[in-house]
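Structure, as structure tokens:
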2 protein chains.
Amino acid sequence: MTNKKLILQIDFRSGLPIYTQIVNQVQAQIASGILKPDHQLPTVRALAEELRVNFNTVARAYRILDEARIISTQQGRGTFITESLPPKVTERLRREALEALTQRYLSEALRLEFSKSEIRQTVNDQLKTWNEANEPKK
Amino acid sequence: MTNKKLILQIDFRSGLPIYTQIVNQVQAQIASGILKPDHQLPTVRALAEELRVNFNTVARAYRILDEARIISTQQGRGTFITESLPPKVTERLRREALEALTQRYLSEALRLEFSKSEIRQTVNDQLKTWNEANEPKK
DNA sequence: GCAACATTGATACATTTAGTACAATTATGA
DNA sequence: TCATAATTGTACTAAATGTATCAATGTTGC
């Protein structure tokens, strides 16, 4: 049973609309396989309470994901991940997720006036550390 | 609960732009501890009405303070004081800030099961784009 | 004087919150 | 079984809030 709890991190200062952040993160977790088909998402009201956000905002995110056929919202029942998407779609979502995540990171770092070489260096250093830490993964 | 009302004194004859006076006084009140982190500031319209100025002028002051990371403006929600930063950012703190930012980025990317080479590739690609986009900065 | 710039104002817009009502489904209990 | 309540998503309106863009006005330097 994959009863994993949905964990989202909303950044209220990012400038990105909250509903967009929810859409992006759910998409990313589905594309990455963290959320699997038939998995039930939190109710709009429960997720709204957890994120300290109005439930209409969550409903808007769910509606967008539903229209994209990524989740299936069912009145009176709940919200579920749809059957596995075509690999091509999954791959696209995965790539978009990484690009969005990276863009947020870089724009923040550059705004704080870190140089591109500093950033590159830090990313490489930390990746190397992670290499040694948990490389043999499956 | 620190529900202190923001009180500003604008001098319309001082020659200083109104938005500058707002910026200075909010900054001063935060520095002196009158306004504390997470405190919600008046809305641009409420403060504008109180000061008898256009709300765009208040919005401009808030935008400047937001860009300086002193406050956090959130569309549809309001404006809040951010955590106070040390007045002088040392080189060590600078480095720690970048490392923390990078760690958050990488742990999220790795949680989504992106490979280290994918991440490196995406970071480098986007850094290159940024190079061309806004490198010649006057 | 005038051109360039800064400041302020006006207007339309996007986002979030709030509230209410409703339909569909599920759970409960007599 | 059946009636009722609770849960869940949907729809809609209204208001609050910050944002973007351009126009009007004021200031400054030549």
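Since the structure is predicted, the reported quantities are computational estimates derived from the model, not experimental observations. Per chain, numbering begins at 1; letters A, B, ... match sequence-line order. Because only heavy atoms are used, hydrogens play no part in the values below, and waters and symmetry mates are left out as well, while side chains stay in.
One atom, CD of A:Gln40, and another, P of C:dT25, lie 15 Å apart when rounded to the nearest Å. Rounded to whole angstrom, the span from the CZ atom of A:Arg13 across to the C1' atom of C:dT15 amounts to 19 Å. Look at CZ on B:Arg63: it is 11 Å from P on D:dT21, rounded to the nearest Å. We find that OH of B:Tyr19 is positioned 11 Å from C1' of C:dC5, with the value rounded to whole Å.
Checking A:Arg77 against A:Phe12, the closest nucleotide of DNA chain C that is more toward the 5' end is the one next to A:Phe12.
By the rule that hydrophobic residues join a cluster once side-chain heavy atoms approach within less than 4.5 Å of another member, A:Leu35 and B:Leu112 end up as members of separate clusters. In the hydrophobic cluster analysis, where Ile, Leu, Val, Met, Phe, Trp and Tyr join through side-chain heavy atoms closer than 4.5 angstrom, A:Ile18 is grouped together with A:Leu6.
Looking at residues 69-76 of chain A, you'll see A:Gln75, A:Gly76 sit with a heavy atom under 4.0 Å from some atom of DNA chain C. A heavy atom closer than 4.0 Å to some atom of DNA chain D occurs in A:Val44, A:Arg45, A:Phe55, A:Asn56, these being the qualifying members of residues 44-62 of chain A.
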* Give the C-alpha distance, both sets of side-chain angles, the deciding distance and a yes or no for side chain to side chain contact (heavy atoms under 4.5 Å, CB included) between B:Asp66 and B:Ile70. => CA-CA 6 Å; B:Asp66 183 278; B:Ile70 293 170; over 6 Å; no
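In terms of modelled atom types and a separation under 3.5 Å, the side chain of A:Gln25 and the main chain of A:Gln9 share a donor-acceptor contact.
In this model, a donor atom of one side chain and an acceptor atom of the other lie less than 3.5 Å apart for A:Ser14 and A:Gln21.
The side chain of A:Thr79 contributes an N or O atom lying less than 4.0 Å from OP1 or OP2 of D:dG9.
For A:Ala97 against A:Ala28, the heavy-atom pair with the smallest separation is CB-CB, 3.5 Å.
Here the side chains of B:Leu101 and B:Arg104 are in contact, with some heavy-atom distance below 4.5 Å.
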